[in-house]
Amino acid sequence: MKRSYISDLKSGQKVLLKGWVFEIRELGKMRFLLLRDSSGIVQCVLKQGSKGFNEELTLESVVSIKGKVKNAKLTNKELTLKNIEIDISELKVLNKAEELPIQVNEKTITTGLDKRLDYRSLDIRKPKIKAIFKIQSTIINTFREFFYKEGFIEIQPPGIIATSTEGGTDLFEAKYFERKAYLAQSPQLYKQLGAISMERVFSTSPVWRAEKHDTSRHLNEARQMDIECAFYNDIEIMKWLEKVVQNIVKKILKDCPKELEILELKLKVPKAKYLTYKKAIDLLSRKGIKIKYGDDFEPKAERKLCFLFPDTIIFTYEWPSELKPFYIWPKGKGVSGGFDAVYGGVEIASGGKRVHIPDILIKQLKSKKLNPEDFKWYIDAFRFGAPEHAGWSIGLERLTQAILSLGNIREGTLFPRDRRRLTP
Ligand code: AMO
């Protein structure tokens, strides 16, 4: 008999189901269990006399069930199919689960995040948690599809690098035969070389940052969704970010209504607001945030911007050069072609127009106290016909956090890596 999935069940069918035991209720001569597979949850009824009635059942055991689909009217099980149940003719325990260290079927999640992360493979069985990762999968897939359709080439940048890109202090060192190497902090330099040669490129890649932050917004391993585009400037490239984030939210609304319901979220396709860094500083100071020209945005300032412009991606552009990395184009008078984007209370992306002139690049590196010799391969690449170009990077976990209003970025990270956590 071919296996059926719970979401495909129709009344009257004889079916074989496989899945996990989500809930058990014993009522003397009847045993009710909720069976969960990747497509849903269904109530199954096991009557005395049916094959397998005497099997020892534990929560999360893997079972196979043969039975008939019957009409039913279930009211109280929000996640369970409401109009049908399974009359079991045979139940087999395929792999019995031991006593669970965390509860999978808790109605509201009360187990602490740390403990849940210790047993993450159980945690992600919870419909609420699985919903987060279904949506995250929709986010990254929509990003890919969007730029692929726009004629961008997906590139695979290296994960082991020789020099820092985002500042020297937060690199993880690795032994590379006789030399020292680092884990990539970003695909930055490589996507630029991709763009000056292939014009439009994108990538989705893990990045590693040895930042000592222990915050609800920082990870030591994150995933970035990057684009880089030749013949574009900072202003033009921001539009791509606006469009793709709007598309991502539209796609979630279309493809994940069940997940949004489970997460009790009402999403809106965001608008976009563009402010120069200077205007943003003026506005924030007028609204009571202690900030002056030359300051980075503290989390409080980012949250304030999001409060002032709800359901909006807020772009702040023309940041001071001193606050941006060496590869960001200097527009003059200390102003750069660098920008940030905040949404849902957090910074989700940053980017800008790049330096494509070797002499300016050398000057910028020196001004950031970096040694141009270390970047020779990169600088030299711009000597052989390099167009102006621009790009940006969205943090996947940050965007998940923003869209789903997650209090902690770890909630949107399958197996987070932070200062204290290297397993599971
Ligand atoms: P930046 O360092 O701002 O820029 O990173 C871009 C985006 O990546 C995410 N991100 C992080 N997410 C979680 N934990 C972290 N520690 C972390 N660090 C970064 C954020 C951030 O906005 N190369 C440039 C981008 C470019 O100019 O194209 C860069 O990496 O969402």
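Order of listing sets the numbers, starting from 1, for every ligand and every atom in it.
Counting heavy atoms closer than 4.0 Å to ligand 1, residue E397 contributes nothing at all. Residue-level proximity to ligand 1 for E228 is absent, since no heavy atom of it falls below 4.0 angstrom. Proximity of E221 to ligand 1, defined as any heavy-atom pair under 4.0 Å, is not found for any part of the residue. Using a 4.0 Å cut-off between heavy atoms, R217 contacts ligand 1 through its backbone alone, with no side-chain atom that close. The side chain of S186, and not its backbone, has at least one atom closer than 4.0 Å to an atom of ligand 1 (non-hydrogen atoms only; side chain from C-beta on). With a 4.0 Å cut-off on non-hydrogen atoms, H218 touches ligand 1 through its backbone as well as its side chain. The parts of E347 lying near ligand 1 are both backbone and side chain, judged by heavy-atom distances below 4.0 Å. Heavy atoms of I409 found under 4.0 angstrom from ligand 1 belong exclusively to the side chain.
By the 4.5 Å heavy-atom criterion applied to side chains, Y277 and L323 are counted as neighbours. By the 4.5 Å heavy-atom criterion applied to side chains, I129 and R120 are counted as neighbours. A heavy-atom distance below 4.5 Å is not found between the side chains of K2 and L16.
The pair D170-K212 fails the salt-bridge criterion, with no side-chain N (NZ, NE, NH1 or NH2) lying under 4.0 Å from an Asp/Glu carboxylate O. Between R286 and D282 there is no salt bridge, since none of the side-chain N atoms of the basic residue sits less than 4.0 Å from a carboxylate O of the acidic one. Of the charged side-chain nitrogens involved, at least one lies within less than 4.0 Å of a carboxylate oxygen, so that R116 and E411 count as a salt-bridged pair. R383 and D380 are joined by a salt bridge, as a carboxylate oxygen and a charged side-chain nitrogen come within less than 4.0 angstrom of each other.
At least one N/O-N/O distance between K191 and ligand 1 falls below 3.5 Å. Where the criterion is an N or O separation shorter than 3.5 Å, residue side chain and backbone included, A349 meets it with respect to ligand 1. Looking at I394 next to ligand 1, no N or O pair under 3.5 Å apart turns up. At a 3.5 angstrom cut-off on N or O pairs, G352 does not count as close to ligand 1.
Close approach of ligand 1 to I348 is summarised as follows: ligand atoms under 4.0 Å from at least one heavy atom of the residue are 22 (O), 31 (O). Of all atoms in ligand 1, listed by their number and element, those nearer than 4.0 Å to a heavy atom of E211 are 16 (N). Those atoms of ligand 1 that come under 4.0 Å of a heavy atom in Y327, given as number and element, are 23 (N), 24 (C), 27 (O).
At least one heavy atom of R354 sits under 4.0 Å from some atom of ligand 1.
Side-chain rings of W392 and F339 stay apart, their centers remaining 6.0 Å or farther from each other. Taking the six-membered ring wherever Trp is involved, the centroid distance between the rings of Y148 and F152 does not fall below 6.0 Å.
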Show me the donor-acceptor pairs, under 3.5 Å and distance only, between side chains in residues 341-357 and residues at least two apart or in other chains.
from: K353; atom 1: NZ; to: E388; atom 2: OE1; distance (Å): 2.7
from: R354; atom 1: NE; to: E228; atom 2: OE1; distance (Å): 3.4
from: R354; atom 1: NE; to: E228; atom 2: OE2; distance (Å): 2.8
from: R354; atom 1: NE; to: G352; atom 2: O; distance (Å): 3.4
from: R354; atom 1: NH2; to: E228; atom 2: OE1; distance (Å): 2.9
from: R354; atom 1: NH2; to: G391; atom 2: O; distance (Å): 3.1

Next item on the list: Give the C-alpha distance, both sets of side-chain angles, the deciding distance and a yes or no for side-chain contact (heavy atoms from CB on, under 4.5 Å) between Q188 and Y327.
Entry: CA-CA 9 Å; Q188 184 62 37; Y327 52 77; 3.4 Å; yes

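Considering only non-hydrogen atoms, atom 1 (P) of ligand 1 lies nearest to S350 out of A402, G351, S350, G395.
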